[in-house]
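These notes are about the structure you will find just below.
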Amino acid sequence: MVFKSPIRVAIVLFLWLYCFPLKSQKLSTNQYETLSREYALASIPELRAFLSIPNNALIEEHVENNLRFLELAFEKRRFSTQRLPSTSRTAFFAERIVQKSLPTVLVYMHFDGQPVDARQWNQADPYQPVLKRPLADGSYETVDWQTITNTLPDEYRVFARSASDDKSPIIMFLAALDALQSAGLEPSFNLRVILDPEEEQGSKSMPEVIDQFGDLLSADHMVIFDGPVHDSNSPTLVFGCRGIAGIELTVYGPRTPQHSGHFGNYAPNPALRLAQLLSSMKDEGGKVTIPGFYDGIDLTPEIKEILAAVPDDVAQIKKRVGIAETDKVGANYQEAMQYPSLNIRGFRSGWVGAEARTIVPEKAVATLDIRLVPESDGTRLVKLVKEHILAQGYYLIEDRDPSEEERLTHDKIIRFDHDPSEMWKAFNTPIHSKTGEWLYHSLKNVHQQEVARIRLAGGSVPIAFFVNKLDIPAVLVPLVNPDNNQHSPNENIRMGHYRNGIKTILGVMTSSIE
């Protein structure tokens with residue numbers, strides 16, 4: 001028999017741990033459920049403390065106070081932390097190396113929230129979380145926090161700014177780490193975490209942070225814990241988001257508003273002209289008629305099958321929105337989201353209601369947004385809109401009002417405003433990518449049910465620069481309740497979704513990336 005020295009045994013053990021990745025650490029279904037319930041309850045004091053810190057990104061003190069909280073919270077979980085400054089706001093970075101040979105996952109969340117108007121809330125201070133339970137009439141009744149001892153009813157809700165968007169996912173993430181530690185497990189991959197300080201203000205700091213700290217943020221996969229789950233409350237994955245580009249159009253009429261009795265039938269009405277111009281851009285079914293607008297979109301039979309499998313309730317969507325019919329872009333809701341849209345988000349001219357006046361207005365203004373998809377280039381689509389306007393016989397000026405000479409020379413004058421710096425690109429990660437398959441099987445295993453896989457969400461999230469600059473495949477894993485009132489008064493997180501979110505993150509962290 002050969003006896004090895006303790007030093008030699010230690011070296012061999014170290015090399016084995018370094019060279020061979022951890023195997024899957026999946027828990028049983030009962031363990032996932034038990035741990036998520038236990039740590040949903042245990043994490044409530046930390047959730048309350050975090051929500052109690054105001055987080056308007058426009059206020060530097062708010063950002064600083066949240067950074068201090070995050071540093072303590074992540075260092076407590078054995079992360080190294082670092083502030084990533086920019087000329088805008090300071091982002092938060094944390095890293096935890098489980099084993100160098102394992103893949104690295106970059107987790108994105110944000111800690112800022114929309115500004116608040118306390119007068120619109122059903123509580124004294126939107127930054128002081130209030131626990132409530134639902135009543136039979138659909139209203140909510142305040143519950144004393146002290147009554148929460150051994151159980152956390154699923155239907156109870158915490159009301160506060162950022163209760164869903166996006167502070168509760170951060171605490172869910174930390175609670176899942178605590179649950180793993182209690183089970184004697186480690187995450188199945190190395191973790192890098194980037195927390196955005198101003199997502200609600202367009203993530204102004206992020207491109208600069210990526211340029212300066214790209215090495216810190218490099219990873220094999222990116223997971224975004226943000227947004228509500230599908231309306232069916234199925235576990236949900238979102239593989240991309242549409243981008244956005246904005247345009248403002250101003251059509252000019254008389255220099256000042258003119259008496260409609262004196263100049264009706266004589267001075268051209270800019271409101272009518274702008275309405276006619278906008279109507280020329282779409283048909284009655286809502287499809288854009290500008291040539292080339294939908295070029296490059298090819299939904300294969302496989303993609304259409306995946307889109308059709310998303311459990312959308314069309315009748316419920318119509319009822320919630322209050323419409324009898326839908327636009328005819330795509331065969332269903334999910335297909336509609338795969339195409340770029342051209343939306344009139346505002347129209348203003350003259351006065352209406354009690355302030356209505358008998359005038360021919362001096363101008364009409366419309367603000368448009370174009371929702372971009374990965375296959376379409378935003379700059380190209382903006383150019384197509386501009387070319388369409390010129391084809392309608394307009395004299396087009398950019399970023400200024402017409403001169404007196406231009407007014408007297410050109411019949412149809414339009415001002416075209418567009419800021420390329422405010423355009424967000426779309427992004428999409430293939431559903432059957434390595435990242436997509438890993439997350440799909442993680443969620444399906446932990447919840448023991450089918451996962452709603454959304455190829456492209458309709459909204460826009462400023463994440464594309466991560467995907468494009470860092471070349472990381474990214475997937476959103478939504479966690480919160482669909483009726484959370486994000487961005488609005490009385491934002492809330494339902495406790496059943498809070499618990500389920502911890503369970504989802506546990507499933508992700510215990511699944512190895514094959």
Side-chain angles (χ1 to χ4, degrees), residues 40 44 47-58 62 66 109-143 145 152-172 196 198-202 224-234 236 238 241 312-313 316-323 345 452 454 457-462 476-502 504:
I44 289 298
L47 176 65
R48 289 180 64 189
F50 195 25
L51 292 175
S52 297
I53 305 173
N55 64 337
N56 184 343
L58 299 174
H62 286 195
N66 279 275
M109 294 176 280
H110 65 93
F111 62 88
D112 68 314
Q114 285 281 327
V116 299
D117 181 354
R119 296 169 299 178
Q120 303 297 318
W121 287 66
N122 297 330
Q123 60 197 69
D125 185 350
Y127 292 122
Q128 288 301 314
V130 177
L131 182 66
K132 298 182 181 182
R133 67 182 182 91
L135 300 177
D137 62 1
S139 63
Y140 284 85
E141 173 182 74
T142 300
V143 176
W145 287 103
L152 187 63
D154 280 354
E155 296 306 322
Y156 280 23
R157 299 190 183 212
V158 176
F159 287 78
R161 173 53 85 224
S162 299
S164 273
D165 186 23
D166 187 37
K167 280 191 171 183
S168 65
I170 295 175
I171 302 301
M172 294 178 202
D196 193 334
E198 51 182 350
E199 190 266 356
E200 303 294 3
Q201 302 300 323
I224 303 157
F225 291 120
D226 192 6
V229 299
H230 185 263
D231 283 353
S232 64
N233 286 310
S234 303
T236 305
V238 180
C241 291
D312 290 324
D313 185 332
Q316 181 58 34
I317 293 174
K318 289 181 178 179
K319 182 178 180 180
R320 186 179 69 197
V321 179
I323 56 174
R345 59 184 180 186
I454 298 173
S460 301
V461 179
L476 282 87
V477 183
L479 301 172
V480 303
N481 43 297
D483 59 345
N484 67 75
N485 292 338
Q486 66 187 78
H487 294 196
S488 301
N490 305 310
E491 181 179 351
N492 64 83
I493 176 69
R494 179 179 172 273
M495 290 296 92
H497 284 79
Y498 181 74
R499 171 185 55 77
N500 226 34
I502 295 172
T504 294

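- Under the ring-ring contact (aromatic ring centres under 6.0 Å, His included) criterion, F111 pairs with no residue, sequence neighbours left out.
- For N490, there are no side chain to side chain donor-acceptor pair (under 3.5 Å) partners two or more places apart in sequence or in a different chain.
- Under the rule for a salt bridge (charged side-chain N to carboxylate O under 4.0 Å, His left out), D137 has no partner lying at least two apart in sequence or in another chain.
- For Y127, there are no ring-ring contact (aromatic ring centres under 6.0 Å, His included) partners, not counting sequence neighbours.
- For Y156, the side chain to side chain donor-acceptor pair (under 3.5 Å) test picks out no residue, with sequence neighbours left out.
- Legend: salt bridge (Lys or Arg N to Asp or Glu O under 4.0 Å) pairs involving residues 126-135, not counting sequence neighbours, sorted by first then second residue: R133-E141.
- Not counting sequence neighbours, F225 has no partner by the ring-ring contact (aromatic ring centres under 6.0 Å, His included) test.
- Residues passing the side chain to side chain donor-acceptor pair (under 3.5 Å) test with S234, sequence neighbours excluded: S232.
- Listed by chain and residue number, H110, H487 satisfy the side chain to side chain donor-acceptor pair (under 3.5 Å) test with D165 (two or more places apart in sequence, or in another chain).
- Here D483 pairs with R157 under the salt bridge (charged side-chain N to carboxylate O under 4.0 Å, His left out) rule; sequence neighbours left out.
- Applying the salt bridge (charged side-chain N to carboxylate O under 4.0 Å, His left out) rule to D231 yields the partners R320; only residues at least two apart in sequence or on another chain are considered.
- Listed by chain and residue number, L152, Y498, R499, I502 satisfy the side chain to side chain contact (heavy atoms under 4.5 Å, CB included) test with A40 (two or more places apart in sequence, or in another chain).
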Inset, instruction - Take N492 and N481 through the side-chain hydrogen bond (donor to acceptor under 3.5 Å, both in side chains) test and state the conclusion after the steps. - result: CA-CA 9 Å; N492 64 83; N481 43 297; 3.2 Å; yes

